[in-house]
Amino acid sequence: MRMRKKNNLEQRLAGCGDIVTVADLSDKNMLTAAREKEYLDLDKIFPCANPVRIEIGCGKGKFVCETAAAERGVNFIAVEKISNVIIDACERAKSLDLKNVYFLNCAAEVLPKYIRPRTAEVIYLNFSNPLPKEGYKKQRLTHPRFLEIYRGLLKSGGRIIQKTDDAAFYAFSLESYAAAGFKITEVCEDLAAHPVAGDAETEHESLFKSMGKKIFRIVAEV
């Protein structure tokens, strides 16, 4: 079912204009859209030149806002392609007066348009859509074509930290990291039984844990 457009969405996004960039979607070809660079000026966006982490698929912003509040010495770029969803994350960050979070309303394919190479120390992939049908495999956010994009954004030694509740997607991701030449440094197949200190939960994660579902976690290094 298609999500109903939120009331006053454009006005609300404009009201968050100081903390969000809404992608220019006039070019529907993601490859060509990414070639025309409009790099974010992180020196102007963030008050301090701290290490940068990126969350791709931030949803309503629970994870990034809680993590940013706990780690003030890190700057976070939170990415979400659905405008109807990212507005909740933006308004959450503004309500908390977080100065170390900035939002990008765009698809993962066009991140190189906005983020300079070798910018991030960490990329978070939290509960990405597993897209289980074989025909959608190339759209999964851990498919090798996306991993090459992330490789370009990560510093040397940078990491991808992924969480999912989907066992098949977990297995697919492990294969993809290995095929793309990433080094898998950590795996966990039951995060509730083996919690990671400081690891904030997403909205989906809290729900899945309440249902007794296992949470899988992978750390892969460039």
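Scope of the values below: all heavy atoms of this structure, side chains included, with no hydrogens, waters or symmetry mates.
- In the hydrophobic clustering of ILVMFWY residues, with side-chain heavy atoms under 4.5 Å counting as a link, Ile160 and Phe172 come out apart.
- With sequence neighbours left out, Asp88 forms a side-chain hydrogen bond (donor to acceptor under 3.5 Å, both in side chains) with Lys6.
- The two residues Ile115 and Leu153 have their closest heavy-atom pair at O-CD2, 3.7 Å.
- Asp97 meets the side-chain hydrogen bond (donor to acceptor under 3.5 Å, both in side chains) test with Lys99; sequence neighbours excluded.
- Grouped with Leu191 in one hydrophobic cluster are Phe127, Val196, Leu207, Phe208, Met211, Ile215, the linkage being side-chain heavy-atom contacts under 4.5 Å among Ile, Leu, Val, Met, Phe, Trp and Tyr residues.
- With hydrogens and angles disregarded, no donor-acceptor distance shorter than 3.5 Å links the side chain of Lys62 to the backbone of Thr202.
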Between His204 and Lys60, does the side chain to side chain contact (heavy atoms under 4.5 Å, CB included) criterion hold? Intermediate values first, please.
CA-CA 10 Å; His204 284 108; Lys60 295 182 179 180; over 6 Å; no
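- Grouping Ile, Leu, Val, Met, Phe, Trp and Tyr by side-chain contacts under 4.5 Å, direct or through others, puts Tyr136 with Leu131.
- Residues passing the salt bridge (charged side-chain N to carboxylate O under 4.0 Å, His left out) test with Lys209 are Glu201, Glu205, sequence neighbours excluded.
- Looking at every heavy atom in both residues, Phe169 comes nearest to Pro130 through CB-CB, 3.8 Å.
- The environment of NZ in Lys214 is sparse: at most 12 heavy-atom neighbours from other residues, nucleotides or ligands sit within 6.0 Å.
- Residues passing the salt bridge (charged side-chain N to carboxylate O under 4.0 Å, His left out) test with Glu186 are Arg217, sequence neighbours excluded.
- The environment of CD in Glu36 is sparse: at most 12 heavy-atom neighbours from other residues, nucleotides or ligands sit within 6.0 Å.
- Looking only at distances, no side-chain donor or acceptor of Thr67 sits under 3.5 Å from a matching main-chain atom of Val64.
- Between Arg92 and Glu66, none of the side-chain N atoms (NZ, or NE/NH1/NH2) sits under 4.0 Å from a carboxylate O, so this pair counts as no salt bridge.
- Residues that satisfy the side-chain hydrogen bond (donor to acceptor under 3.5 Å, both in side chains) test with Asp199, not counting sequence neighbours, are Lys163.
- Listed by chain and number, the residues in a side-chain hydrogen bond (donor to acceptor under 3.5 Å, both in side chains) with Tyr102 are Thr21 (sequence neighbours excluded).
- Atom CD1 in Ile54 sits 6.5 Å away from atom OG1 in Thr119 (nearest 0.5 Å).
- Between atom CZ of residue Phe103 and atom CD of residue Glu55 there is a gap of 9.0 Å, rounded to the nearest 0.5 Å.
- One distance of note links CD1 of Ile123 with CZ of Phe146; it measures 12.0 Å at 0.5 Å rounding.
- Between Ser83 and Leu9, the shortest heavy-atom contact is O-CD1, 3.7 Å.
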Show the numbers, then the answer: is there a side-chain hydrogen bond (donor to acceptor under 3.5 Å, both in side chains) between Thr142 and Gln162?
CA-CA 9 Å; Thr142 55; Gln162 178 189 2; 4.6 Å; no
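- Considering every non-hydrogen atom in both Ala23 and Tyr114, the closest pair reads CA-OH, 3.3 Å.
- Here Ser156 pairs with nothing under the side chain to side chain contact (heavy atoms under 4.5 Å, CB included) rule; sequence neighbours left out.
- Ion pairing between Lys113 and Glu38 holds under the 4.0 Å rule for side-chain N and carboxylate O.
- Enclosure of atom CG in Asp41 by more than 12 non-hydrogen atoms of other residues, nucleotides or ligands within 6.0 angstrom is indicated.
- Every residue meeting the salt bridge (charged side-chain N to carboxylate O under 4.0 Å, His left out) condition with Glu148, not counting sequence neighbours, appears here in chain and number order: Arg151.
- The two residues Asn105 and Val22 make their nearest non-hydrogen contact at OD1-CG1, 3.7 Å.
- The distance from the CD1 atom of Ile19 to the CG atom of Leu13 is 10.0 Å, given to the nearest 0.5 Å.
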Run the side chain to side chain contact (heavy atoms under 4.5 Å, CB included) check on Phe182 and Val222 step by step: do they pass?
CA-CA 5 Å; Phe182 281 72; Val222 173; 3.7 Å; yes
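- Scanning all heavy atoms of the two residues, the minimum distance from His194 to Cys188 falls at CB-SG, 3.9 Å.
- Applying the side chain to side chain contact (heavy atoms under 4.5 Å, CB included) rule to Lys37 yields the partners Tyr39, Pro112; only residues at least two apart in sequence or on another chain are considered.
- Proximity of a side-chain donor or acceptor of Arg140 to a complementary backbone N or O of Pro132 within less than 3.5 Å is detected.
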Name each donor-acceptor pair under 3.5 Å that joins a side chain in residues 68-79 to protein atoms two or more places apart or in another chain, with its distance.
| from | atom 1 | to | atom 2 | distance (Å) |
| --- | --- | --- | --- | --- |
| Glu71 | OE1 | Arg53 | NH1 | 3.1 |
| Glu71 | OE1 | Arg53 | NH2 | 3.1 |
| Glu71 | OE2 | Arg53 | NH1 | 3.4 |
| Arg72 | NE | Ala69 | O | 3.2 |
| Asn75 | ND2 | Cys48 | O | 2.8 |

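- Linking Ile, Leu, Val, Met, Phe, Trp and Tyr residues whenever their side-chain heavy atoms come within less than 4.5 Å places Ile56 and Phe216 in a single cluster.
- The line from SG of Cys16 to CD1 of Ile87 is 4.0 Å long, rounded to the nearest 0.5 Å.
- Once rounded to the nearest 0.5 Å, the distance linking SG of Cys90 with CG of Leu98 reads 11.5 Å.
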